[in-house]
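Atoms considered below: every heavy atom in the structure, side chains included; atoms not considered: hydrogens, waters and symmetry mates. Convention: sequence-line order gives letters A, B, ...; per-chain numbering from 1.
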There are 2 protein chains.
Amino acid sequence: MNKANRIYKEIQQITLAVDCIIFGFNDYKLELLLIHRGFQPERGKWSLIGGFVQNNEDLDEAANRILFNLSGLENIYLEQVKTFGKSNRDPFERVVSTTYSAMILKSDYNEDKVEEYDAKWFPIDQVPELIFDHREMVNSAINRLRRRIRSTPIAFYLLPQKFTLPQLQALYEVILNEDIDKRNFRKKIAQMKFLVKLNEKDMSESRKGAYLYRFDKILYEKDKYFNL
Amino acid sequence: MNKANRIYKEIQQITLAVDCIIFGFNDYKLELLLIHRGFQPERGKWSLIGGFVQNNEDLDEAANRILFNLSGLENIYLEQVKTFGKSNRDPFERVVSTTYSAMILKSDYNEDKVEEYDAKWFPIDQVPELIFDHREMVNSAINRLRRRIRSTPIAFYLLPQKFTLPQLQALYEVILNEDIDKRNFRKKIAQMKFLVKLNEKDMSESRKGAYLYRFDKILYEKDKYFNL
DNA sequence: ACAAAAGTGTTAACCGTACACCCATGA
DNA sequence: TCATGGGTGTACGGTTAACACTTTTGT
């Protein structure tokens, strides 16, 4: 920033906000958490969870705070996606909003909060009409997620610490919106040493039971080869 | 954004800025355009070109305006990279800055402006100390560029409309910071029908002369297979 | 004639993809 | 015993990667 330009600052009237695209995986569907607007304007529509950035708060902290207020969860995995800055994107005032993508484990999530905030999970192929440019925000978050799950181990934030390969594969299938060959998928998993097979089965989803696996962060740090 | 949160807005004192990472290709080097700070504090250091966002201006427009003021160029190719929002990133006031990556053709660039703004081009491996978190901004822009030139035709913004394959290859080599096999590189080029060979040679860089090529946007729109 | 850069094909290794049957268990 | 979902290997085709010589032309 050039000091000569600081002249503009005096008159700047722009509010900075954060909006969160919250992903969850449940019942073999990828879902988004949205809140319902019970007031005018845009009454009846749904929106992302958002809030304004406070003066002494990092942008990332603001996203964390907003998520904590809503969910009671701390240290949620967050990634900045994109900043939306069209001057008329919010018709009521000038708000520039930075979006963050969050991965949460639905089972950790405090369901009381859902009530309190009039929030609801929607499968991503059944997202209702959203206010302002929130639909565009959702789209860019999904596109980013699709790109990133192929090369980084972020899908594990959407699963319990111990998960089965059928679960993991189903998660990839719904995110990528395509069928994946079971054997090819497992071949790749086997190459990634940081995906550790446990001597323990999950018997809840089939008669035979499926082995549980665990993502080992330390092993991953040593050899970050990730390719799915 | 939830209206209930708008309470925070009244007291928000955050200024929104844009900083531009301007890439150019010259003399077989990838370069960055930086401006020199001739005043305290941080005197003598270099910084990115930046400015504050105006009240009725889209964020993207702000980046375009700032670049136009500096370079006299319109319709420069720009991509939003990331928003930097640590509360103390600018020690003098609270400024959140969205970074944009720009590709410019050094030969189009108005060199008088360089003088006027005390600006200078630096090869990316010789970037001087930068103010604040500008070094981090540069790094994320370079990383993004490295990812994107493999799958999208953005490198052509750094070359004249007619360019030779040795030029194009050299550009890829400096951006990716690795040697590329000439024959394999040309094999891939040959597959991309939107890279059109002209019946015209550039004789300025060798005795034999190298055929000129052109990126055909319309052909690219028909078949966007891009892989380098 | 020689120096300097442009241009050109073939082979081997690797990776992605397609594909079908047996296994373990609970009801 | 049967229905359900879990688990396993191989072969083919395409892509990537390695590699060396000939061409053109100005000096």
*asked:* At less than 4.0 Å, is any side-chain N or O atom of R186(B) found next to OP1 or OP2 of dG7(C)? Yes or no.
replied: yes
*Between F185(B) (CZ) and dA5(C) (P), how many Å, whole number?*
18 Å
*Earliest and latest nucleotide of DNA chain D, 5' to 3', sitting under 4.0 Å from a non-hydrogen atom of chain B?*
dT16(D) to dG26(D)
*Among dT8(C), dA5(C), dC19(C), find the nucleotide with the atom closest to the side chain of K182(B).*
dT8(C)
*Toward the 5' end of DNA chain D, which comes first, S206(B) or S206(A), by nearest nucleotide?*
S206(A)
*Name the nucleic acid region contacted by N227(A), choosing base, sugar-phosphate or nothing; use a 4.0 angstrom heavy-atom cut-off, strictly under.*
sugar-phosphate
_Spacing of E205(A) atom CD relative to dT25(C) atom C1', expressed in whole Å_ = 15 Å
*Aromatic rings F226(B) and F194(B): how do their planes relate, parallel, tilted or perpendicular, breaks at 30° and 60°?*
parallel
*So does K208(A) reach the base of dA24(C) with its side chain, donor to acceptor, closer than 3.5 Å?*
no
_Is the terminal nitrogen or CZ of K201(A) (NZ for Lys, CZ for Arg) located under 6.0 angstrom from the six-membered ring centre of Y211(A) and within 45° of that ring's axis?_
yes
*To the nearest angstrom, how far is I180(A) atom CD1 from dG16(C) atom P?*
13 Å
*asked:* Check the orientation of Y157(A) and Y77(A). Use parallel for under 30°, tilted for 30 to 60°, and perpendicular for over 60°.
replied: parallel
*How many Å lie between CZ on R183(A) and C1' on dC23(C), as a whole number?*
14 Å
*asked:* What is the separation between atom NZ on K187(B) and atom C1' on dG7(C), rounded to the nearest whole Å?
replied: 14 Å
*State whether the distance check finds a donor on one side and an acceptor on the other, under 3.5 Å, for side chain K201(A) versus base dT25(C).*
no
*Separation of L195(B) atom CG from dG7(C) atom P, in whole Å?*
14 Å
*Among side-chain atoms of R147(A) and N143(A), is any donor-acceptor pair under 3.5 angstrom?*
no
*Check the distance between dT11(C)'s P and D181(B)'s CG and give it to me in whole angstrom.*
16 Å
*Between T152(A) (side chain) and I149(A) (backbone), is there a donor-acceptor pair under 3.5 Å?*
no
*Start at the 5' end of DNA chain C and walk down; is the nucleotide closest to R207(A) or to Y28(B) reached first?*
Y28(B)
*Whole Å only: how far is the CD atom of Q191(A) from the C1' atom of dC14(C)?*
11 Å
*asked:* Below 30° counts as parallel, above 60° as perpendicular, anything between as tilted: where do the rings of F156(A) and F215(A) land?
replied: parallel
*Could you tell me whether the side chains of D19(B) and S97(B) share a donor-acceptor contact shorter than 3.5 Å?*
yes
